[in-house]
Number of protein chains: 2
Amino acid sequence: MGLDPGKEAQHAALDKIRKRVIETIGRNMDLYGISLSTGHLYGLLFFADKPMTLDEMGAEMKMSKTSMSTGVRTLLDLKMVNKVWEKGSRKDLYEVEYDWYQTFTDFFDIKWRKSVESNMMVLRKATDEINKMEKEYAEDPEMMEMLRKDKAKLQDAFAYYQWLDRLIDTFENGDIYKLVPKVPPREN
Amino acid sequence: MGLDPGKEAQHAALDKIRKRVIETIGRNMDLYGISLSTGHLYGLLFFADKPMTLDEMGAEMKMSKTSMSTGVRTLLDLKMVNKVWEKGSRKDLYEVEYDWYQTFTDFFDIKWRKSVESNMMVLRKATDEINKMEKEYAEDPEMMEMLRKDKAKLQDAFAYYQWLDRLIDTFENGDIYKLVPKVPPREN
DNA sequence: AAGAACGTACAGAAAAAACTGTACAAACCA
DNA sequence: TGGTTTGTACAGTTTTTTCTGTACGTTCTT
(Lines give C-alpha, C1' and ligand atoms only; values in the text may rest on other atoms or scores of the structure.)
Protein backbone atom coordinates (compact mmCIF):
# COMPACT_ATOMS: atom_id res chain seq x y z
CA MET A 1 0.00 0.00 0.00
CA GLY A 2 1.17 3.47 -0.85
CA LEU A 3 4.31 2.29 -2.62
CA ASP A 4 3.50 3.16 -6.19
CA PRO A 5 2.25 6.74 -6.58
CA GLY A 6 0.90 6.01 -10.08
CA LYS A 7 -1.27 3.19 -8.84
CA GLU A 8 -2.57 5.41 -6.09
CA ALA A 9 -3.67 8.07 -8.53
CA GLN A 10 -5.54 5.53 -10.60
CA HIS A 11 -7.17 4.24 -7.49
CA ALA A 12 -8.25 7.77 -6.65
CA ALA A 13 -10.00 8.20 -10.00
CA LEU A 14 -11.84 4.91 -9.66
CA ASP A 15 -12.62 5.66 -6.03
CA LYS A 16 -14.30 8.88 -7.02
CA ILE A 17 -16.58 7.02 -9.39
CA ARG A 18 -17.37 4.44 -6.74
CA LYS A 19 -18.02 7.08 -4.11
CA ARG A 20 -20.67 8.73 -6.20
CA VAL A 21 -22.45 5.47 -6.86
CA ILE A 22 -22.23 4.47 -3.20
CA GLU A 23 -23.51 7.85 -2.11
CA THR A 24 -26.55 7.71 -4.38
CA ILE A 25 -27.49 4.11 -3.81
CA GLY A 26 -26.86 4.43 -0.09
CA ARG A 27 -29.06 7.47 0.16
CA ASN A 28 -31.91 5.73 -1.59
CA MET A 29 -31.74 2.81 0.77
CA ASP A 30 -33.96 4.65 3.20
CA LEU A 31 -36.73 2.89 1.27
CA TYR A 32 -35.57 -0.22 3.05
CA GLY A 33 -35.67 1.54 6.39
CA ILE A 34 -31.91 1.74 6.52
CA SER A 35 -29.95 4.69 7.83
CA LEU A 36 -27.68 6.65 5.54
CA SER A 37 -24.45 5.34 7.01
CA THR A 38 -25.64 1.75 6.89
CA GLY A 39 -26.53 2.43 3.29
CA HIS A 40 -22.98 3.61 2.70
CA LEU A 41 -21.69 0.51 4.36
CA TYR A 42 -23.72 -1.52 1.95
CA GLY A 43 -22.28 0.43 -0.95
CA LEU A 44 -18.77 -0.17 0.32
CA LEU A 45 -19.37 -3.91 0.46
CA PHE A 46 -20.95 -3.79 -2.95
CA PHE A 47 -17.73 -2.62 -4.56
CA ALA A 48 -15.37 -4.58 -2.37
CA ASP A 49 -13.62 -7.17 -4.48
CA LYS A 50 -13.47 -9.56 -1.56
CA PRO A 51 -15.40 -10.22 1.64
CA MET A 52 -14.49 -7.74 4.35
CA THR A 53 -13.92 -7.86 8.08
CA LEU A 54 -15.40 -5.45 10.58
CA ASP A 55 -12.01 -3.83 11.06
CA GLU A 56 -11.56 -3.24 7.36
CA MET A 57 -14.99 -1.69 7.13
CA GLY A 58 -14.28 0.53 10.11
CA ALA A 59 -11.04 1.72 8.55
CA GLU A 60 -12.70 2.42 5.22
CA MET A 61 -15.77 4.12 6.69
CA LYS A 62 -13.76 5.92 9.37
CA MET A 63 -16.19 4.70 11.97
CA SER A 64 -16.02 2.59 15.08
CA LYS A 65 -16.03 -1.17 14.93
CA THR A 66 -19.12 -1.16 17.12
CA SER A 67 -21.01 0.76 14.48
CA MET A 68 -19.85 -1.64 11.82
CA SER A 69 -21.09 -4.49 13.94
CA THR A 70 -24.57 -3.06 14.30
CA GLY A 71 -24.68 -1.91 10.69
CA VAL A 72 -23.72 -5.33 9.41
CA ARG A 73 -26.32 -6.94 11.59
CA THR A 74 -29.02 -4.71 10.16
CA LEU A 75 -27.97 -5.71 6.66
CA LEU A 76 -27.72 -9.33 7.70
CA ASP A 77 -31.26 -9.29 9.09
CA LEU A 78 -32.49 -8.07 5.74
CA LYS A 79 -30.31 -10.66 4.00
CA MET A 80 -28.66 -7.91 2.03
CA VAL A 81 -25.31 -9.18 3.24
CA ASN A 82 -24.07 -12.69 3.84
CA LYS A 83 -21.58 -14.06 6.28
CA VAL A 84 -18.79 -15.83 4.48
CA TRP A 85 -16.55 -18.56 5.75
CA GLU A 86 -12.96 -18.54 4.76
CA LYS A 87 -10.37 -20.88 6.18
CA GLY A 88 -7.35 -19.19 7.64
CA SER A 89 -8.92 -15.98 8.84
CA ARG A 90 -10.67 -16.33 12.12
CA LYS A 91 -12.43 -13.03 11.71
CA ASP A 92 -15.96 -12.93 10.42
CA LEU A 93 -16.21 -12.01 6.76
CA TYR A 94 -19.14 -10.38 5.02
CA GLU A 95 -20.12 -9.77 1.44
CA VAL A 96 -23.21 -8.31 -0.19
CA GLU A 97 -25.85 -10.49 -1.73
CA TYR A 98 -25.27 -9.71 -5.38
CA ASP A 99 -28.59 -11.12 -6.50
CA TRP A 100 -30.64 -7.98 -6.12
CA TYR A 101 -33.83 -9.70 -7.23
CA GLN A 102 -33.38 -11.96 -4.25
CA THR A 103 -32.71 -8.99 -2.01
CA PHE A 104 -35.88 -7.35 -3.19
CA THR A 105 -37.88 -10.50 -2.53
CA ASP A 106 -36.33 -11.03 0.87
CA PHE A 107 -37.13 -7.50 1.87
CA PHE A 108 -40.80 -8.01 1.17
CA ASP A 109 -40.80 -11.40 2.72
CA ILE A 110 -39.18 -10.15 5.89
CA LYS A 111 -40.66 -6.71 6.39
CA TRP A 112 -43.90 -6.49 4.45
CA ARG A 113 -45.06 -9.97 5.19
CA LYS A 114 -44.75 -9.40 8.89
CA SER A 115 -46.70 -6.20 8.62
CA VAL A 116 -49.38 -7.80 6.49
CA GLU A 117 -49.82 -10.60 8.94
CA SER A 118 -50.16 -8.42 11.99
CA ASN A 119 -52.58 -6.12 10.20
CA MET A 120 -54.73 -9.00 9.03
CA MET A 121 -54.75 -10.36 12.54
CA VAL A 122 -55.97 -7.14 14.07
CA LEU A 123 -58.57 -6.67 11.33
CA ARG A 124 -59.93 -10.14 11.93
CA LYS A 125 -60.20 -9.56 15.65
CA ALA A 126 -61.87 -6.20 15.20
CA THR A 127 -64.39 -7.64 12.75
CA ASP A 128 -65.28 -10.37 15.21
CA GLU A 129 -65.85 -7.88 17.98
CA ILE A 130 -68.02 -5.75 15.77
CA ASN A 131 -70.05 -8.80 14.88
CA LYS A 132 -70.64 -9.32 18.59
CA MET A 133 -71.61 -5.72 19.08
CA GLU A 134 -74.08 -5.94 16.23
CA LYS A 135 -76.03 -8.56 18.16
CA GLU A 136 -75.83 -6.53 21.30
CA TYR A 137 -77.05 -3.27 19.83
CA ALA A 138 -79.52 -4.64 17.33
CA GLU A 139 -82.24 -2.25 18.46
CA ASP A 140 -80.11 0.88 18.19
CA PRO A 141 -80.21 2.03 14.54
CA GLU A 142 -77.66 4.80 14.97
CA MET A 143 -75.14 2.47 16.52
CA MET A 144 -75.85 -0.20 13.92
CA GLU A 145 -75.07 2.26 11.20
CA MET A 146 -71.70 3.08 12.70
CA LEU A 147 -70.90 -0.59 13.12
CA ARG A 148 -71.90 -1.34 9.58
CA LYS A 149 -69.67 1.41 8.21
CA ASP A 150 -66.70 0.35 10.27
CA LYS A 151 -67.09 -3.26 9.33
CA ALA A 152 -67.19 -2.39 5.67
CA LYS A 153 -63.93 -0.49 6.04
CA LEU A 154 -62.31 -3.36 7.88
CA GLN A 155 -63.38 -5.82 5.22
CA ASP A 156 -62.10 -3.67 2.40
CA ALA A 157 -58.79 -3.37 4.16
CA PHE A 158 -58.69 -7.09 4.76
CA ALA A 159 -59.30 -7.81 1.08
CA TYR A 160 -56.44 -5.52 0.19
CA TYR A 161 -54.07 -7.28 2.56
CA GLN A 162 -55.05 -10.62 1.10
CA TRP A 163 -54.11 -9.26 -2.27
CA LEU A 164 -50.81 -7.94 -0.93
CA ASP A 165 -50.09 -11.28 0.64
CA ARG A 166 -50.58 -13.02 -2.68
CA LEU A 167 -48.46 -10.42 -4.42
CA ILE A 168 -45.59 -11.18 -2.07
CA ASP A 169 -46.17 -14.86 -2.82
CA THR A 170 -45.45 -14.19 -6.47
CA PHE A 171 -42.18 -12.54 -5.51
CA GLU A 172 -41.21 -15.56 -3.50
CA ASN A 173 -42.26 -18.30 -5.88
CA GLY A 174 -40.94 -16.48 -8.91
CA ASP A 175 -44.27 -16.12 -10.68
CA ILE A 176 -43.67 -12.40 -10.88
CA TYR A 177 -40.99 -13.08 -13.49
CA LYS A 178 -43.64 -14.47 -15.79
CA LEU A 179 -45.26 -11.07 -15.84
CA VAL A 180 -42.05 -9.06 -15.63
CA PRO A 181 -39.14 -11.11 -16.94
CA LYS A 182 -35.64 -10.51 -15.70
CA VAL A 183 -33.45 -8.63 -18.13
CA PRO A 184 -30.09 -10.12 -19.02
CA PRO A 185 -27.47 -7.43 -18.29
CA ARG A 186 -26.24 -5.87 -21.52
CA GLU A 187 -22.95 -7.02 -22.96
CA ASN A 188 -20.77 -3.97 -23.42
CA MET B 1 -71.85 15.71 22.82
CA GLY B 2 -71.75 14.24 26.29
CA LEU B 3 -75.48 14.43 26.81
CA ASP B 4 -76.46 10.80 26.69
CA PRO B 5 -74.30 8.63 28.93
CA GLY B 6 -75.51 5.44 27.22
CA LYS B 7 -74.34 6.64 23.83
CA GLU B 8 -71.01 7.58 25.30
CA ALA B 9 -70.44 4.11 26.68
CA GLN B 10 -71.20 2.55 23.34
CA HIS B 11 -68.85 4.95 21.71
CA ALA B 12 -66.18 3.91 24.18
CA ALA B 13 -66.51 0.25 23.24
CA LEU B 14 -66.25 1.01 19.54
CA ASP B 15 -63.44 3.45 20.17
CA LYS B 16 -61.44 0.74 21.87
CA ILE B 17 -61.76 -1.48 18.82
CA ARG B 18 -60.79 1.35 16.54
CA LYS B 19 -57.82 2.29 18.69
CA ARG B 20 -56.33 -1.15 18.45
CA VAL B 21 -56.67 -1.20 14.68
CA ILE B 22 -55.26 2.29 14.36
CA GLU B 23 -52.37 1.44 16.63
CA THR B 24 -51.39 -1.65 14.64
CA ILE B 25 -51.83 -0.23 11.19
CA GLY B 26 -50.15 3.01 12.20
CA ARG B 27 -47.17 1.19 13.60
CA ASN B 28 -46.69 -0.78 10.42
CA MET B 29 -46.72 2.32 8.33
CA ASP B 30 -43.03 2.78 8.94
CA LEU B 31 -42.72 0.70 5.77
CA TYR B 32 -43.88 3.79 3.98
CA GLY B 33 -41.30 5.89 5.76
CA ILE B 34 -43.94 7.44 7.97
CA SER B 35 -43.51 8.24 11.64
CA LEU B 36 -45.65 6.54 14.24
CA SER B 37 -47.76 9.57 15.01
CA THR B 38 -48.39 10.31 11.36
CA GLY B 39 -49.40 6.70 11.06
CA HIS B 40 -51.87 7.23 13.86
CA LEU B 41 -53.18 10.29 12.15
CA TYR B 42 -53.79 8.20 9.09
CA GLY B 43 -55.65 5.66 11.17
CA LEU B 44 -57.78 8.38 12.68
CA LEU B 45 -58.76 9.63 9.26
CA PHE B 46 -59.39 6.10 8.12
CA PHE B 47 -62.16 5.65 10.65
CA ALA B 48 -63.52 9.16 10.49
CA ASP B 49 -67.00 9.09 9.02
CA LYS B 50 -66.49 12.47 7.41
CA PRO B 51 -63.58 14.60 6.18
CA MET B 52 -61.77 16.31 9.04
CA THR B 53 -60.21 19.70 9.63
CA LEU B 54 -56.80 20.28 11.17
CA ASP B 55 -58.39 21.47 14.37
CA GLU B 56 -60.49 18.37 14.71
CA MET B 57 -57.47 16.18 14.17
CA GLY B 58 -55.51 18.13 16.73
CA ALA B 59 -58.25 17.73 19.29
CA GLU B 60 -58.56 14.02 18.62
CA MET B 61 -54.83 13.34 18.59
CA LYS B 62 -54.12 15.73 21.44
CA MET B 63 -51.42 17.34 19.43
CA SER B 64 -50.68 20.79 18.08
CA LYS B 65 -52.23 22.03 14.90
CA THR B 66 -48.75 22.55 13.51
CA SER B 67 -48.04 18.86 13.83
CA MET B 68 -51.31 18.04 12.14
CA SER B 69 -50.38 20.36 9.31
CA THR B 70 -47.05 18.68 8.69
CA GLY B 71 -48.48 15.23 9.20
CA VAL B 72 -51.24 15.82 6.71
CA ARG B 73 -48.79 17.16 4.20
CA THR B 74 -46.68 14.03 4.49
CA LEU B 75 -49.77 11.92 3.82
CA LEU B 76 -50.83 14.24 1.04
CA ASP B 77 -47.45 13.93 -0.67
CA LEU B 78 -47.87 10.18 -0.68
CA LYS B 79 -51.45 10.59 -1.86
CA MET B 80 -52.64 8.60 1.10
CA VAL B 81 -54.96 11.46 1.95
CA ASN B 82 -56.97 13.77 -0.27
CA LYS B 83 -58.02 17.34 0.17
CA VAL B 84 -61.76 17.66 -0.01
CA TRP B 85 -63.80 20.69 -0.97
CA GLU B 86 -66.97 21.36 0.85
CA LYS B 87 -69.01 24.52 0.40
CA GLY B 88 -69.76 26.38 3.59
CA SER B 89 -66.66 25.50 5.56
CA ARG B 90 -63.72 27.60 4.71
CA LYS B 91 -61.35 25.28 6.49
CA ASP B 92 -59.44 22.67 4.55
CA LEU B 93 -60.89 19.20 4.82
CA TYR B 94 -59.04 15.94 4.43
CA GLU B 95 -60.02 12.33 4.04
CA VAL B 96 -58.04 9.17 3.43
CA GLU B 97 -57.79 7.58 0.03
CA TYR B 98 -59.88 4.48 0.61
CA ASP B 99 -58.59 2.70 -2.48
CA TRP B 100 -55.61 1.01 -0.90
CA TYR B 101 -54.52 -0.58 -4.15
CA GLN B 102 -54.17 2.93 -5.47
CA THR B 103 -52.27 3.98 -2.38
CA PHE B 104 -49.89 1.09 -2.83
CA THR B 105 -49.31 1.99 -6.46
CA ASP B 106 -48.86 5.66 -5.70
CA PHE B 107 -46.30 4.87 -3.06
CA PHE B 108 -44.16 2.98 -5.53
CA ASP B 109 -44.70 5.54 -8.21
CA ILE B 110 -43.68 8.38 -5.93
CA LYS B 111 -40.94 6.93 -3.78
CA TRP B 112 -39.50 3.92 -5.54
CA ARG B 113 -39.66 5.37 -9.00
CA LYS B 114 -37.68 8.40 -7.94
CA SER B 115 -35.09 6.20 -6.33
CA VAL B 116 -34.88 3.92 -9.35
CA GLU B 117 -34.39 6.85 -11.66
CA SER B 118 -31.62 8.46 -9.67
CA ASN B 119 -29.86 5.15 -9.27
CA MET B 120 -30.06 4.38 -12.96
CA MET B 121 -28.74 7.81 -13.71
CA VAL B 122 -25.70 7.42 -11.50
CA LEU B 123 -25.05 3.92 -12.81
CA ARG B 124 -25.15 5.16 -16.38
CA LYS B 125 -22.73 7.95 -15.64
CA ALA B 126 -20.36 5.68 -13.78
CA THR B 127 -20.39 3.15 -16.61
CA ASP B 128 -19.52 5.87 -19.09
CA GLU B 129 -16.62 7.04 -17.01
CA ILE B 130 -15.32 3.53 -16.65
CA ASN B 131 -15.52 3.11 -20.40
CA LYS B 132 -13.31 6.17 -20.74
CA MET B 133 -10.86 4.85 -18.19
CA GLU B 134 -10.64 1.57 -20.04
CA LYS B 135 -9.25 3.38 -23.05
CA GLU B 136 -6.88 5.35 -20.91
CA TYR B 137 -5.42 2.41 -19.00
CA ALA B 138 -5.50 -0.18 -21.76
CA GLU B 139 -1.89 -1.19 -21.09
CA ASP B 140 -2.34 -1.73 -17.35
CA PRO B 141 -3.75 -5.24 -16.85
CA GLU B 142 -4.28 -4.89 -13.12
CA MET B 143 -6.27 -1.72 -13.54
CA MET B 144 -8.20 -3.18 -16.44
CA GLU B 145 -9.25 -6.08 -14.29
CA MET B 146 -10.63 -3.78 -11.62
CA LEU B 147 -12.48 -1.75 -14.19
CA ARG B 148 -13.93 -4.86 -15.76
CA LYS B 149 -15.20 -6.11 -12.41
CA ASP B 150 -16.74 -2.81 -11.45
CA LYS B 151 -18.41 -2.42 -14.81
CA ALA B 152 -19.94 -5.86 -14.53
CA LYS B 153 -21.39 -4.94 -11.14
CA LEU B 154 -22.78 -1.69 -12.46
CA GLN B 155 -24.41 -3.45 -15.38
CA ASP B 156 -25.98 -6.10 -13.20
CA ALA B 157 -27.37 -3.40 -10.97
CA PHE B 158 -28.64 -1.51 -13.97
CA ALA B 159 -30.44 -4.56 -15.29
CA TYR B 160 -32.10 -5.00 -11.93
CA TYR B 161 -33.30 -1.42 -11.87
CA GLN B 162 -34.72 -1.82 -15.36
CA TRP B 163 -36.66 -4.76 -14.06
CA LEU B 164 -37.85 -2.82 -11.05
CA ASP B 165 -38.91 0.03 -13.30
CA ARG B 166 -41.02 -2.31 -15.37
CA LEU B 167 -42.47 -3.88 -12.25
CA ILE B 168 -43.66 -0.47 -11.10
CA ASP B 169 -45.11 0.02 -14.59
CA THR B 170 -47.31 -3.01 -14.03
CA PHE B 171 -48.56 -1.48 -10.80
CA GLU B 172 -49.44 1.70 -12.59
CA ASN B 173 -51.03 0.30 -15.71
CA GLY B 174 -52.88 -2.37 -13.79
CA ASP B 175 -51.22 -5.34 -15.47
CA ILE B 176 -50.28 -6.63 -12.05
CA TYR B 177 -53.94 -7.48 -11.48
CA LYS B 178 -53.78 -9.97 -14.32
CA LEU B 179 -51.22 -11.92 -12.34
CA VAL B 180 -52.67 -11.18 -8.91
CA PRO B 181 -56.36 -10.34 -9.22
CA LYS B 182 -58.06 -8.11 -6.72
CA VAL B 183 -60.24 -9.93 -4.24
CA PRO B 184 -63.80 -8.74 -3.78
CA PRO B 185 -64.31 -8.04 -0.07
CA ARG B 186 -66.33 -10.82 1.54
CA GLU B 187 -70.00 -10.27 2.15
CA ASN B 188 -70.64 -10.89 5.82
C1' DA C 1 -4.25 -23.92 30.65
C1' DA C 2 -2.86 -19.16 29.76
C1' DG C 3 -2.94 -15.53 26.63
C1' DA C 4 -4.52 -13.02 22.68
C1' DA C 5 -7.95 -11.70 19.30
C1' DC C 6 -12.65 -11.05 18.08
C1' DG C 7 -17.48 -9.53 18.33
C1' DT C 8 -21.03 -7.41 20.89
C1' DA C 9 -23.69 -5.53 25.22
C1' DC C 10 -24.14 -1.50 27.45
C1' DA C 11 -23.95 3.32 28.99
C1' DG C 12 -23.13 7.77 27.77
C1' DA C 13 -22.39 11.45 24.05
C1' DA C 14 -23.60 13.37 19.71
C1' DA C 15 -26.73 13.97 15.96
C1' DA C 16 -31.21 13.83 13.89
C1' DA C 17 -36.07 13.95 14.00
C1' DA C 18 -40.42 15.13 15.92
C1' DC C 19 -43.17 18.38 18.29
C1' DT C 20 -44.72 22.98 20.07
C1' DG C 21 -45.74 27.96 20.32
C1' DT C 22 -45.35 32.21 18.21
C1' DA C 23 -45.64 35.02 14.39
C1' DC C 24 -47.17 36.11 10.04
C1' DA C 25 -49.16 35.90 5.22
C1' DA C 26 -53.25 34.83 2.59
C1' DA C 27 -58.10 34.34 2.22
C1' DC C 28 -62.43 35.57 3.74
C1' DC C 29 -66.07 38.46 5.88
C1' DA C 30 -68.63 42.47 7.10
C1' DT D 1 -61.13 48.63 4.25
C1' DG D 2 -60.44 46.75 8.85
C1' DG D 3 -60.93 42.75 11.42
C1' DT D 4 -61.10 37.61 11.60
C1' DT D 5 -59.89 33.17 10.60
C1' DT D 6 -56.92 29.60 8.65
C1' DG D 7 -52.63 27.33 7.44
C1' DT D 8 -47.72 27.22 7.67
C1' DA D 9 -42.69 29.01 8.35
C1' DC D 10 -39.52 29.19 11.74
C1' DA D 11 -36.94 28.87 16.10
C1' DG D 12 -36.49 26.52 20.20
C1' DT D 13 -37.38 22.31 22.96
C1' DT D 14 -38.07 17.54 23.65
C1' DT D 15 -37.64 12.93 22.14
C1' DT D 16 -35.52 9.40 19.40
C1' DT D 17 -31.84 7.52 16.90
C1' DT D 18 -27.13 6.93 15.85
C1' DC D 19 -22.47 6.60 17.18
C1' DT D 20 -18.51 5.81 20.34
C1' DG D 21 -15.52 3.76 24.02
C1' DT D 22 -15.15 0.53 27.53
C1' DA D 23 -15.87 -3.87 29.33
C1' DC D 24 -16.56 -8.54 28.95
C1' DG D 25 -17.68 -13.34 27.20
C1' DT D 26 -16.20 -16.52 23.67
C1' DT D 27 -13.12 -18.71 20.67
C1' DC D 28 -8.83 -19.77 18.92
C1' DT D 29 -3.75 -20.38 19.51
C1' DT D 30 0.20 -22.23 21.53
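Side chains included, hydrogens not; waters and symmetry mates left out as well; all remaining heavy atoms used.
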Check: Out of B:Glu129, B:Glu134, B:Glu145, which residue meets the salt bridge (charged side-chain N to carboxylate O under 4.0 Å, His left out) rule with B:Lys151?
Finding: B:Glu134

Notebook entry, point to check: For B:Lys16, what residues pass the side chain to side chain contact (heavy atoms under 4.5 Å, CB included) criterion, not counting sequence neighbours?
Noted result: none

Note to self: Filter on salt bridge (Lys or Arg N to Asp or Glu O under 4.0 Å), then keep only pairs touching residues 89-99 of chain B, sequence neighbours left out; what's left?
What the structure shows: B:Asp55-B:Lys91, B:Lys83-B:Asp92

Item checked: Closest-nucleotide 5' rank along DNA chain D - winner of A:Arg90 and A:Met63 -> A:Met63

Check: Among residues 64-76 of chain A, which residues get a heavy atom nearer than 4.0 Å to DNA chain D?
Finding: A:Ser64, A:Thr66, A:Ser67

Item checked: Non-neighbouring partners of B:Glu136 that pass side chain to side chain contact (heavy atoms under 4.5 Å, CB included), sequence neighbours left out -> none

Checklist line | Strand-adjacent residues in residues 20-38 of chain B, judged by heavy atoms under 4.0 Å from DNA chain D | finding: none

Check: Taking any atom under 4.0 angstrom from a heavy atom of chain B, which nucleotides of DNA chain C are the first and last to qualify, 5' to 3'?
Finding: C:dA18 to C:dC28

Checklist line | Axis deviation across the helix from C:dA1-D:dT30 to C:dA30-D:dT1, five-pair ends, to the nearest 10° | finding: 20°

Item checked: Student check: side-chain heavy atoms of A:Lys153 and B:Tyr98 closer than 4.5 Å -> yes

Item checked: With B:Phe104, the ring pair (Phe, Tyr, Trp, His ring centres under 6.0 Å) member among B:Phe108, B:Phe107, B:Tyr101 -> B:Phe108

Notebook entry, point to check: How would you list, by chain and number, every residue that makes a side chain to side chain contact (heavy atoms under 4.5 Å, CB included) with B:Asp150, sequence neighbours excluded?
Noted result: A:Leu14, A:Arg18, A:Phe47, B:Ile130

Next item on the list: Tell me, please, the opening and closing nucleotides of DNA chain D, 5' to 3', among those with an atom under 4.0 angstrom from a non-hydrogen atom of chain B.
Entry: D:dT5 to D:dC10

Check: Taking only residues at least two apart or on different chains, which pairs with a member in residues 32-48 of chain A satisfy salt bridge (Lys or Arg N to Asp or Glu O under 4.0 Å)?
Finding: none

Next item on the list: Using the test side chain to side chain donor-acceptor pair (under 3.5 Å), find all partners of A:Thr66 that sit at least two apart in sequence or belong to another chain.
Entry: none

Margin query: Restricting to side chain to side chain contact (heavy atoms under 4.5 Å, CB included), what partner residues turn up for A:Ser67, sequence neighbours left out?
Written below: A:Met63, A:Ser64

